[in-house]
Amino acid sequence: MPEHSYLAAVRESYDTVASDYFARVKAPSELDPLSRGMLDVFAEMVRTAGLGPVADLGCGPGKVTAHLAERHVPAFGMDLSPVMIELARTAHPGLPFGVGSMTALPIADDSLGGILAYYSTHHTPPALLPVVFGEFHRTLAPGACLMLAGHVGADQHLRPTQAYGGHPVCYESYLLPPDRIAELLKQAGLVLTARLVEEPAEGAQRTFATLLARKPERP
């Protein structure tokens, strides 16, 4: 399958910033109580359901993957950036990590007990989100859960030139309204079960949303 053109920019950018990203991005234990709580809710849901392994898609250096594993979730990480995956393997040698794209997951149908997409879908052009969400639906087991968290906005299209310590980047970001994301998940065949929208903290500009959804059981 041909690679979508935006993926090369995302891969190159995160390969470039990987070391500073690892140093600057907080571990889950350092996040605010709501963010930590939603991760722990997701971990309990997938652990209790016991439907299979959990894929942390866009895992970066594996900090959130390790957080899930510490909560006895059978988790593995996947990222588009080979440099990020090398950092993840070095930092967490007991966990499985691999390079891959959310647009064409190298994962069997109906095999995942859960998917975590944690601040990892906002670089996807909106027209291609149905492809990504379709892959989520394809690979989740019936009854399994998805947690999608990230930046949201009023159809903002951002083109930063630097990130994470001033390194040059060439990716783009798309901040969609939570209702739009929820509708796209529904169109992909997933059932929304909860959403949390966090308003910007004092001095900040970004709004964050967390959506929980599940793949319906077969009749």
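Keep in mind it's a predicted model, so treat the numbers as computed, not measured.
Put simply, the side chain of His92 does not reach to within 4.5 Å of the side chain of Pro61, judged on heavy atoms. Proximity of Tyr119 to Val25: side-chain heavy atoms (C-beta onward) are nowhere separated by under 4.5 Å. Between Ser101 and Arg11 the shortest side-chain heavy-atom distance does not fall below 4.5 Å. Side-chain contact between Phe42 and Leu68 is present, with heavy atoms from C-beta onward closer than 4.5 Å. Side chains of His4 and Thr124 form no contact here, defined as non-hydrogen atoms less than 4.5 Å apart. Between Met147 and Val46 there is no side-chain heavy-atom pair separated by less than 4.5 Å. Counting only heavy atoms from C-beta outward, the side chains of Phe22 and Lys63 approach each other to under 4.5 Å. Looking only at side-chain heavy atoms (C-beta outward), Thr90 and Phe97 stay at 4.5 Å or farther from each other.
A chain of hydrophobic side-chain contacts below 4.5 Å, direct or via other Ile, Leu, Val, Met, Phe, Trp or Tyr residues, connects Leu116 to Leu196. One hydrophobic cluster, built from ILVMFWY side chains closer than 4.5 Å, cannot hold both Leu211 and Leu39; they sit in different ones. No continuous path of ILVMFWY side-chain contacts below 4.5 Å connects Leu176 to Val10, so the two sit in separate hydrophobic clusters. A single hydrophobic cluster is seen to contain both Val64 and Val54, as judged by linkage of ILVMFWY side chains at heavy-atom distances under 4.5 Å, directly or through other members. In this structure, Leu129 is a member of the same hydrophobic cluster as Leu148, with clusters built from ILVMFWY side-chain heavy atoms closer than 4.5 Å.
Taking 4.0 Å as the cut-off between side-chain N and carboxylate O, Arg180 and Glu183 do not count as a salt-bridged pair.
The distance from atom CG of Leu146 to atom CG of Leu212, rounded to the nearest 0.5 Å, is 8.0 Å. Here the CG-OH distance, from Leu80 to Tyr171, works out to 13.0 Å after rounding to the nearest 0.5 Å. Distance check: Leu140 CG to Ile115 CD1 gives 4.0 Å after rounding to the nearest 0.5 Å. One finds the CZ atom of Arg159 at 13.0 Å from the SG atom of Cys170 (value rounded to the nearest 0.5 Å). One distance of note links NZ of Lys26 with CG of Asp32; it measures 8.0 Å at 0.5 Å rounding. Distance CE/Met78 to CD1/Ile85: 8.0 Å, rounded to 0.5 Å.
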**Intermediate values then yes/no, side-chain contact (heavy atoms from CB on, under 4.5 Å), Leu190 and Lys215** = CA-CA 5 Å; Leu190 298 165; Lys215 182 173 177 176; 4.0 Å; yes
**Asked** Can Arg47 and Glu44 be said to form a salt bridge (Lys or Arg N to Asp or Glu O under 4.0 Å), step by step?
**Response** CA-CA 5 Å; Arg47 185 178 61 245; Glu44 182 175 351; 5.0 Å; no
**Prompt:** Stepwise, does the side-chain contact (heavy atoms from CB on, under 4.5 Å) test hold for Ile181 with Arg195?
**Reply:** CA-CA 11 Å; Ile181 299 171; Arg195 76 175 80 184; over 6 Å; no
**Prompt:** Between His122 and Leu158, does a side-chain contact (heavy atoms from CB on, under 4.5 Å) hold up when you go through it step by step?
**Reply:** CA-CA 10 Å; His122 59 280; Leu158 308 179; over 6 Å; no
**Request:** Could you go through the side-chain contact (heavy atoms from CB on, under 4.5 Å) check for Tyr6 and Thr103 one step at a time?
**Result:** CA-CA 11 Å; Tyr6 80 98; Thr103 60; 3.5 Å; yes
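A donor-acceptor distance shorter than 3.5 angstrom exists from the side chain of Ser120 to the backbone of Leu57, with no hydrogens or angles considered. The backbone N or O of Ile107 lies less than 3.5 Å from a partner atom in the side chain of Arg138, making a donor-acceptor pair. In this structure, Asp79 contributes its side chain and Cys59 its backbone to a donor-acceptor pair below 3.5 Å. Asp20 places no side-chain N or O within 3.5 Å of a backbone atom of Gly165 that could act as its donor or acceptor partner. Without hydrogens or angle criteria, Glu135 side chain to Leu105 main chain gives a donor-acceptor distance under 3.5 Å.
Heavy atoms only, all atoms of each residue included: Ala88 and Gly62 are closest at CB-N, 3.9 Å. Across every non-hydrogen atom of Pro82 and Val99, the tightest pair is CA-CG2, 3.9 Å. Between Leu184 and Pro130, the shortest heavy-atom contact is CD2-CG, 4.2 Å. Across all their heavy atoms, Gln156 and Gly153 have their closest contact at OE1-CA, 3.3 Å. Among all heavy-atom pairs drawn from Pro53 and Ser111, the shortest one is CD-O, 3.6 Å. When all heavy atoms are compared, the tightest approach of Leu95 to Ala69 is CD2-CB, 3.7 Å.
A cation-pi arrangement is absent between Lys186 and Phe133, since the terminal nitrogen or guanidinium carbon is not both under 6.0 Å from the aromatic centre and inside a 45° cone about the axis.
Relative orientation of the Tyr164 and Tyr14 rings is tilted, given thresholds of 30° and 60° on the angle between their planes.
Between Phe208 and His151, the gap from one ring centroid to the other is short of 6.0 Å.
In this model, no donor atom of one side chain and acceptor atom of the other lie less than 3.5 Å apart for Tyr118 and His67.
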